[in-house]
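Residue numbers start from 1 in every chain, and the chains themselves are labelled A, B, ... in the order their sequence lines are given, proteins ahead of strands.
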Protein chains: 2
Amino acid sequence: MLTHTEENYIKTIYHLSGDANRDVSTNGISEVLKTKPASVTDMLRKLSEKSYIHYIKYQGVTLTKKGKKEALQIIRKHRLWEVFLVDKLKFHWDEVHEIAEQLEHIHSNLLISRLDEFLGNPAFDPHGDPIPDPQGEITIRKKYLLCDMAVGFNGVVVGMLETSPAFLQYLDRLNICPGAKISIKERIVFDGSLEILLQEDKQLVISYEVAKNLYVSD
Amino acid sequence: MLTHTEENYIKTIYHLSGDANRDVSTNGISEVLKTKPASVTDMLRKLSEKSYIHYIKYQGVTLTKKGKKEALQIIRKHRLWEVFLVDKLKFHWDEVHEIAEQLEHIHSNLLISRLDEFLGNPAFDPHGDPIPDPQGEITIRKKYLLCDMAVGFNGVVVGMLETSPAFLQYLDRLNICPGAKISIKERIVFDGSLEILLQEDKQLVISYEVAKNLYVSD
DNA sequence: ATATTTTTTTAGACTATTCTAAAATCTTAT
DNA sequence: ATAAGATTTTAGAATAGTCTAAAAAAATAT
């Protein structure tokens, strides 16, 4: 069984390597995990021995099939717990990450399948990210920047490019959050701002700057 | 902040010392935690330095006020999670302990108060044990062995003396579980067996041997 | 009261994870 | 092509928690 630390490294490698399974750098990992590169090297040797990663000295790492499977299980747990925290315990979608970071390390398959069922088998977490199924399959949902969509577009908010507290607070004030329904009514040519309809009832105007930082999907 | 290990030691000392805050032995702790006495000694020195326990070499330990407060918080978390697992995720009351052992170490006061609220501020866990309130106060509920109660008694099952799988499985077959309402209709003089009414609708007879191992409260 | 047994502690060592400092390797700019 | 700079690895050490073996203290039995 993996330790919390090993799980965190695997998860970080997954996030850094992206869908394309690109090579991940030692420094990159150390930055995310706030450890020194030397510590990362030690762990990489260990994970390589346990065959969770492909690792060649000085050349970066990728996850093996086994490692990727493990990463997806951890992400599945993390995102299911986030849904629990937001849907059931009324947390704001923006304050659940740290708690889910702890909960994702609870070991019990039965717990996770029961939780999944209890939550109604959600496909996306409160940030709009897909929740891997028990086999590690994820529903890929193409996402676009709102600013690139045409008048008449109709879809849902699935995330933000910019994640500074200032931006998130502003969005919150506008009632824009992941999962919110959004459609484009008009584009103001003068400054690129958009007139939108939110949740099918609130009409408002958002600046091009805001639209440039909002991911949507249809 | 305490580590998982430190929390486990504090919790164990609390459980071993009981309400009366009796002195706890090094060997006793090592047995519960399945570590060697030498390891316990090391940890006791550490917890003593952090003033969670009163510790004099060769004389056993008790919790300080600070230690007891900490223990009660951990127990509060453990028992609230047990309620969650049974009430919401449909676990059997007898299979939740190990998972709760992990969940009790999640650090977030907000999480626990939200969970408490979500569960309807329960006073007892699925085993019938009291859940400390946020200040660490516990509702003490006097418990008796069912065999000692008179005909006409009316109350609830709050625990078992014997906890072997065989006994628990048998109780399960009879639908006797903590929280179940129970009243005594008649006592058979010949063998001490009891005719009882369970959950106000099921009438059955249980042996003296069974009644001797059932805790009840009114 | 003292010898024996049990309990507890000390001393020294191991594993996991981290660190610092220095060496090795790779990349980039000329 | 090579020097300078950046990245990565190695070497050696620290901390938390555990262990074994042996010493010290307490409890017990005659």
Side-chain angles (χ1 to χ4, degrees), chain A residues 1-18 22-63 67 70-71 74 101-102 104-107, chain B residues 1-18 22-63 67 70-71 74 101-102 104-107:
Chain A
M1 190 138 60
L2 291 164
T3 64
H4 288 198
T5 312
E6 290 168 330
E7 288 187 348
N8 282 333
Y9 274 91
I10 288 173
K11 189 184 53 160
T12 301
I13 294 166
Y14 180 87
H15 284 312
L16 289 174
S17 70
R22 285 187 305 281
D23 273 35
V24 172
S25 75
T26 301
N27 273 5
I29 298 169
S30 84
E31 233 171 80
V32 174
L33 293 176
K34 291 167 193 343
T35 59
K36 301 293 161 185
S39 311
V40 174
T41 300
D42 285 345
M43 183 56 90
L44 294 184
R45 195 176 319 105
K46 190 175 157 198
L47 290 176
S48 177
E49 255 162 42
K50 295 190 179 187
S51 60
Y52 286 101
I53 59 175
H54 295 296
Y55 171 53
I56 305 168
K57 284 203 297 195
Y58 294 105
Q59 290 194 201
V61 276
T62 56
L63 290 173
E70 197 61 49
I74 300 162
E101 289 272 287
Q102 297 181 62
E104 75 190 4
H105 299 297
I106 302 291
H107 291 293
Chain B
M1 189 139 60
L2 292 164
T3 64
H4 289 197
T5 312
E6 290 169 329
E7 289 188 346
N8 282 334
Y9 273 91
I10 288 173
K11 189 184 54 160
T12 300
I13 295 166
Y14 181 86
H15 284 312
L16 288 174
S17 70
R22 286 186 305 280
D23 272 36
V24 172
S25 75
T26 300
N27 273 5
I29 297 168
S30 84
E31 232 171 82
V32 174
L33 293 176
K34 291 166 196 342
T35 58
K36 300 294 160 183
S39 311
V40 174
T41 301
D42 286 345
M43 183 55 91
L44 294 183
R45 194 178 318 106
K46 189 174 157 197
L47 290 176
S48 177
E49 256 163 41
K50 296 190 177 184
S51 60
Y52 287 101
I53 58 174
H54 296 295
Y55 171 54
I56 305 168
K57 284 203 298 194
Y58 295 104
Q59 288 192 201
V61 275
T62 56
L63 290 172
E70 196 61 48
I74 300 163
E101 290 272 288
Q102 298 180 63
E104 73 190 4
H105 300 297
I106 303 292
H107 292 293

Quiz item: If only side-chain N and O atoms of B/T26 are considered, is one of them under 4.0 Å from the OP1 or OP2 phosphate oxygen of C/dT9?
Solution: yes
Practice problem: Provide, to the nearest angstrom, the distance between the NZ atom belonging to B/K36 and the C1' atom belonging to C/dT15. | Solution: 17 Å
Practice problem: Please confirm whether the backbone N or O of B/S48 pairs with a side-chain atom of B/S51, one donor and one acceptor, at under 3.5 Å? | Solution: no
Quiz item: Which comes earlier along DNA chain C counting from the 5' end, the contact point of A/E6 or that of A/A38, where each point is its nearest nucleotide?
Solution: A/E6
Quiz prompt | Separation of D/dT18 P from B/K34 NZ (nearest whole Å) | solution = 14 Å
Quiz item: At what distance, to the nearest 0.5 angstrom, does CD1 of B/I29 lie from NE2 of B/H15?
Solution: 12.5 Å
Quiz item: Counting only side-chain N and O atoms of A/N27, is one of them less than 4.0 Å from OP1 or OP2 of D/dA6?
Solution: no
Quiz item: Between A/V32, A/I74, A/L16, A/L33, which is the residue that forms a side-chain contact (heavy atoms from CB on, under 4.5 Å) with A/K11?
Solution: A/I74
Exercise. Grab the OH-P distance between A/Y9 and C/dA16 for me, whole Å please.
Key: 14 Å
Quiz item: Rounded to whole angstrom units, what separation is found between the OH atom of B/Y55 and the C1' atom of D/dA25?
Solution: 12 Å
Quiz item: Is any side-chain heavy atom of A/L47 closer than 4.5 Å to a side-chain heavy atom of A/V61?
Solution: no
Exercise. Name the nucleic acid region contacted by A/S39, choosing base, sugar-phosphate or nothing; use a 4.0 angstrom heavy-atom cut-off, strictly under.
Key: base
Practice problem: Check the distance between D/dT15's C1' and B/D42's CG and give it to me in whole angstrom. | Solution: 13 Å
Quiz item: Which part of the nucleic acid, if any, lies within reach of A/T41 when heavy atoms closer than 4.0 Å are counted: base, sugar-phosphate only, or nothing?
Solution: base
Quiz item: Just to confirm, is there a sub-4.0 Å distance from OP1 or OP2 of D/dT9 to any side-chain nitrogen or oxygen of A/R45?
Solution: no
Practice problem: Locate the shortest heavy-atom distance separating A/H105 from B/Q102; write the atom from each residue and the value. | Solution: O-OE1, 4.2 Å
Quiz item: Once you round it to whole Å, what is the distance between C1' of D/dT8 and CG of A/D23?
Solution: 14 Å
Quiz item: Expressed in angstrom and rounded to an integer, what is the separation of B/Y58 atom OH from C/dT6 atom C1'?
Solution: 12 Å
Practice problem: Provide, to the nearest angstrom, the distance between the NZ atom belonging to B/K57 and the P atom belonging to D/dA23. | Solution: 17 Å
